[in-house]
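Written out below as structure tokens is the structure these notes cover.
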There are 2 protein chains.
Amino acid sequence: MAHSERPEPAAVPTAGQLIDLFALATTAYFQDFAAVAGQHGLTSTQAKVLILLREPLSMRGLAEQLICDASNVTGIIDRLESRGLVRREVDPTDRRIKYAQRTEAGDEAIRRVRADMQATQRVLADLGDDDRIALAGLLRRLQGTLDQPS
Amino acid sequence: MAHSERPEPAAVPTAGQLIDLFALATTAYFQDFAAVAGQHGLTSTQAKVLILLREPLSMRGLAEQLICDASNVTGIIDRLESRGLVRREVDPTDRRIKYAQRTEAGDEAIRRVRADMQATQRVLADLGDDDRIALAGLLRRLQGTLDQPS
DNA sequence: TATTGTTATACTCTATAACTATA
DNA sequence: TATAGTTATAGAGTATAACAATA
């Protein structure tokens with residue numbers, strides 16, 4: 001596409017068309033993520049939690065990251081803990097707080113999931129420098145905007 | 001960013017950094033979508049189905065679009081039908097097949113959801129022509145690649 | 001009193017398996 | 001016999017409300 005001789009002038013997509021494309025791409029990405037997680041016996045939420053636990057997080061902190069009620073985190077961590085992928089640790093200075101943290105088995109599980117997320121990696125690895133810079137800027141803007149309360 | 005005087009040379013992100021950014025952006029997008037749908041009393045799946053039903057689809061066809069088992073579609077359409085947003089219609093030439101289609105109330109419901117998806121629209125509406133063309137190309141490649149079985 | 005985490009409950013989405021009506 | 005849709009069942013994620021332990 002970069003060096004076709006006599007390209008048709010590429011049509012400029014409208015914001016509406018871009019939003020539809022973005023929806024399709026993000027859906028495909030999530031399905032890829034869920035499929036890979038599933039191949040490793042994890043739901044997408046479980047895989048996401050393991051990724052978030054690169055550092056220990058309190059149950060409350062995890063709920064904030066997941067944007068869900070704190071009561072849900074109990075069950076999610078219960079299931080991961082029963083499989084030995086995560087453990088709870090009580091905060092020594094405030095015994096109300098419990099930190100969830102990955103075990104070594106959890107480290108290994110999520111390492112394998114990430115290694116298998118090849119479909120997206122393949123596309124992104126093919127990008128040239130200019131495209132990478134542009135895409136990173138755009139994704140940061142999208143993320144920043146979407147993080148605001150709409 | 002297009003006309004800053006003496007910009008720092010922008011760092012070229014690695015494929016790994018791009019994938020993390022893409023994960024963050026898609027997560028933010030889905031949360032935006034789910035939040036807007038929720039404000040209109042719909043789950044994200046229900047809103048997604050209403051969008052897919054821009055044309056009538058058989059229960060089977062809907063399951064393919066959703067990438068889920070056909071047995072799930074029964075319940076999803078049941079709930080939408082009980083709220084008057086969708087109706088079932090039997091195919092006259094093959095009475096095994098039922099088509100789900102939006103009612104006028106369904107048209108109106110999804111129209112309102114889309115109108116409220118402003119956070120993403122705002123970012124995309126600000127893009128220049130070159131950025132739009134580049135982004136559309138990239139998203140199409142991502143979608144096409146991710147649709148292949150990984 | 002306020003906060004952290006948990007339990008109880010109910011709903012939605014999901015997959016699997018078995019069933020029916022139709023082709 | 002094959003296909004389309006459904007039902008039954010079970011597991012996971014979600015929100016709300018009420019609760020115990022701790023601050």
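Numbers restart at 1 for each chain; the letters A, B, ... are given by sequence-line order, proteins then strands. Values in this document were obtained by computation on a predicted structure and should not be read as measured data.
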- Item | 5′-ward residue of the pair B:Ser71/A:Lys98 relative to DNA chain C | A:Lys98
- Item | Protein-nucleotide distance (A:Asp69, atom CG; C:dG5, atom P), rounded to Å | 12 Å
- Separation of C:dT3 atom C1' from A:Asp91 atom CG, nearest Å, is 13 Å
- Item | Stepwise salt bridge (Lys or Arg N to Asp or Glu O under 4.0 Å) test for B:Arg112 and B:Glu108 | CA-CA 6 Å; B:Arg112 284 193 295 257; B:Glu108 180 59 16; 3.3 Å; yes
- Task: Answer yes or no: is there a side-chain heavy-atom contact under 4.5 Å between A:Leu53 and A:Val86?
- Result: yes
- Message: Exactly one of A:Arg83, A:Arg87, A:Arg88 should register a salt bridge (charged side-chain N to carboxylate O under 4.0 Å, His left out) with A:Asp78. Which one does?
- Response: A:Arg88
- Residues touching DNA chain D, which here means a heavy atom under 4.0 Å, drawn from residues 44-64 of chain A: A:Thr45, A:Gln46
- Task: Please determine if a side-chain N or O atom of B:Arg88 lies less than 4.0 Å away from the OP1 or OP2 oxygen of D:dA4.
- Result: no
- Taking the six-membered ring for Trp, are A:Phe33 and A:Tyr29 parallel (under 30°), tilted (30 to 60°) or perpendicular (over 60°)? parallel
- Task: Ignoring the backbone of B:Asn72, work out which of D:dA4, C:dG5, C:dA15 is nearest its side chain.
- Result: C:dA15
- Verify same cluster id: A:Ile76, A:Tyr99 (apolar side-chain graph, 4.5 Å): no
- Task: Using atom OH of A:Tyr99 as one end and atom C1' of C:dT4 as the other, report the distance to the nearest whole Å.
- Result: 11 Å
- Query: Rounded to the nearest Å, what distance is computed from the CG atom of residue A:Leu42 to the P atom of nucleotide D:dG13?
  - Reply: 10 Å
- Query: Roughly how many Å is it from CD1 in A:Ile76 to C1' in D:dG11, rounded to a whole number?
  - Reply: 13 Å
- Message: Nearest whole Å is fine: how far is D:dT14 P from B:Phe30 CZ?
- Response: 14 Å
- State, yes or no, whether a side-chain contact exists between B:Leu21 and A:Leu135 at a heavy-atom distance under 4.5 Å. no
N/O-N/O pairs, protein side and nucleotides 19-23 of chain D side, under 3.5 Å:
from	atom 1	to	atom 2	distance (Å)
D:dT22	OP1	A:Arg95	NH2	2.9
D:dA23	OP1	A:Arg95	N	3.0

- Task: When you get a sec, tell me which of D:dA4, C:dT12, C:dA15 is the closest nucleotide to the side chain of B:Arg79?
- Result: C:dT12
- Item | Heavy-atom donor-acceptor pair, A:Thr43 side-chain to C:dT14 base, under 3.5 Å | no
- Task: Following the transitive rule for hydrophobic clusters with a side-chain heavy-atom cut-off under 4.5 Å over Ile, Leu, Val, Met, Phe, Trp and Tyr, establish whether B:Ile51 and B:Leu57 coincide in one cluster.
- Result: yes
- Item | Other residues, nucleotides, ligands: >12 heavy atoms within 6.0 Å of B:Asp130 CG | no
- Note on the structure: B:Ile77 CD1 to C:dT12 P, in whole Å, measures 14 Å
- Message: If hydrophobic clusters are built by linking Ile, Leu, Val, Met, Phe, Trp and Tyr wherever their side-chain heavy atoms come under 4.5 Å apart, do B:Leu85 and B:Leu52 end up in the same one?
- Response: yes
- Item | Atom-pair distance (CD1 on B:Ile97; C1' on C:dA21), nearest Å | 13 Å
